[in-house]
Amino acid sequence: MKTIALVAHDGKKQDLLDWVKTHADFFADKALYATGTTGSLLAATLGKSVHCFASGPLGGDQQIGALIAEQQVDWLVFFWDPLSSQPHDPDVKALIRLAVVWNIPVACNRATADFIVHSTLLQQDYQRDVPDFNLYQNRFKSKG
Ligand SMILES: O=C(CO)COP(=O)(O)O
């Protein structure tokens, strides 16, 4: 879990910023990509560089989708707003679709995003502390 793409609609941006603040350590060694406005807010909040694409309505969702199709993204955090309509709704749908096509984890709310952070940290602990864990994980992967 090295490369993370983050996107939030206007009504969910504060939610995303509050959430990243609670996991600032987790993001310290990650490469972050984001749509324009989300990315500049994240950079200011985390105090680290974030690769910013165009704003969502101007094609940013599609740019992140292309990165996923190139298998450059390990995890998509997309806090989309279920209570407001978006002019670029087809792009939003296309981005989520590509994340499913390429089988990467997608978190659309804090509960799921927390779950994935905790799972990743647990996995790192296991990799460090349990000698047979890598063996187990490789066997599991080959069945998937
Ligand atoms: O609209 C968005 C995602 O669909 C987000 O775009 P911004 O991060 O530029 O606001």
Side-chain angles (χ1 to χ4, degrees), residues 1-129 133-134 136-144:
M1 192 74 75
K2 288 270 169 228
T3 304
I4 304 173
L6 301 110
V7 186
H9 287 151
D10 289 350
K12 289 284 166 183
K13 282 186 170 63
Q14 194 55 55
D15 203 12
L16 181 70
L17 297 177
D18 292 344
W19 175 74
V20 296
K21 265 191 253 172
T22 66
H23 295 294
D25 289 351
F26 177 82
F27 290 108
D29 64 344
K30 307 288 185 283
L32 304 183
Y33 291 84
T35 47
T37 319
T38 304
S40 31
L41 292 168
L42 285 170
T45 302
L46 289 171
K48 66 171 276 164
S49 88
V50 175
H51 182 98
C52 297
F53 287 112
S55 183
L58 300 179
D61 297 64
Q62 299 242 355
Q63 290 176 298
I64 290 181
L67 206 64
I68 291 172
E70 288 166 6
Q71 299 179 63
Q72 301 297 312
V73 178
D74 297 321
W75 176 20
L76 173 64
V77 179
F78 190 175
F79 283 14
W80 57 272
D81 187 349
L83 299 179
S84 63
S85 60
Q86 304 294 327
H88 56 302
D89 199 49
D91 296 10
V92 172
K93 191 172 177 190
L95 174 53
I96 294 169
R97 178 183 171 277
L98 282 172
V100 174
V101 167
W102 287 96
N103 192 32
I104 62 166
V106 186
C108 297
N109 58 28
R110 286 182 71 145
T112 313
D114 277 336
F115 199 85
I116 295 172
V117 167
H118 294 149
S119 162
T120 303
L121 293 174
L122 208 63
Q123 195 177 34
Q124 284 168 3
D125 285 351
Y126 263 82
Q127 270 162 346
R128 199 189 48 232
D129 299 338
F133 182 71
N134 289 331
Y136 161 79
Q137 212 179 22
N138 289 339
R139 219 178 292 149
F140 178 70
K141 265 188 204 152
S142 66
K143 285 185 184 158

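Whatever order the structure lists them in is the order used to number ligands and atoms, beginning at 1.
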Q. Given that the side chain starts at C-beta and the backbone is N, CA, C, O, which of these parts of V7 lies under 4.0 Å from ligand 1, counting heavy atoms, or is it both or neither?
A. side chain
Q. Is the backbone N or O of C108 less than 3.5 Å from a side-chain atom of K12, with the two atoms forming a donor-acceptor pair by type?
A. no
Q. Of F78, F79, W80, which meets side chain to side chain contact (heavy atoms under 4.5 Å, CB included) against V7?
A. F78
Q: Check ligand 1 against T37 and write out every atom of the ligand that is under 4.0 Å from a heavy-atom position of the residue.
A: 7 (P), 8 (O), 9 (O), 10 (O)
**Q.** Heavy-atom nearest neighbour in the protein, as seen from atom 9 (O) of ligand 1, with distance rounded to 0.1 Å
**A.** S55 OG, 2.6 Å
(Q) Among Q86, K13, H9, which one puts a heavy atom closest to atom 10 (O) of ligand 1? (A) K13
Q: With heavy atoms of T38 as the reference, note each atom of ligand 1 found under 4.0 Å away.
A: 7 (P), 8 (O)
Q. Between F27 and W19, does a ring-ring contact (aromatic ring centres under 6.0 Å, His included) hold up when you go through it step by step?
A. CA-CA 11 Å; F27 290 108; W19 175 74; 5.5 Å; yes
(Q) I'd like to check which ligand 1 atoms, numbered from 1 as shown, lie under 4.0 Å from a non-hydrogen atom of V92. (A) 4 (O)
Q) Is H88 touching ligand 1 with its side chain, its backbone, both, or neither, if touching means heavy atoms under 4.0 Å apart? A) side chain
Q) How close do Y33 and T3 get, heavy atom to heavy atom, and via which atoms? A) CE1-CG2, 3.4 Å
**Q.** From D18, V77, L16, residue fulfilling side chain to side chain contact (heavy atoms under 4.5 Å, CB included) relative to R110
**A.** D18
Q.
If the cut-off is 4.0 Å to any non-hydrogen atom of D61, which atoms of ligand 1 fall inside it?
A. 2 (C), 3 (C), 4 (O)
Q | W75, CH2: over 12 other non-hydrogen atoms inside 6.0 angstrom | A | yes
Q.
I'd like to check whether G56 has a polar contact with ligand 1, where a contact means an N/O of the residue lying under 3.5 Å from an N/O of the ligand.
A. yes
Q: Show which atoms of ligand 1 fall inside a sub-4.0 Å distance from at least one heavy-atom site of P57.
A: 1 (O)
(Q) For L6 versus V20, what's the shortest heavy-atom pair and its separation? (A) CD2-CG1, 4.2 Å
**Q.** Closest non-hydrogen atom pair, T35 against G56
**A.** CB-N, 4.0 Å
Q. With a 4.0 Å heavy-atom cut-off (strictly under), which part of A8 contacts ligand 1: side chain, backbone, both or neither?
A. backbone
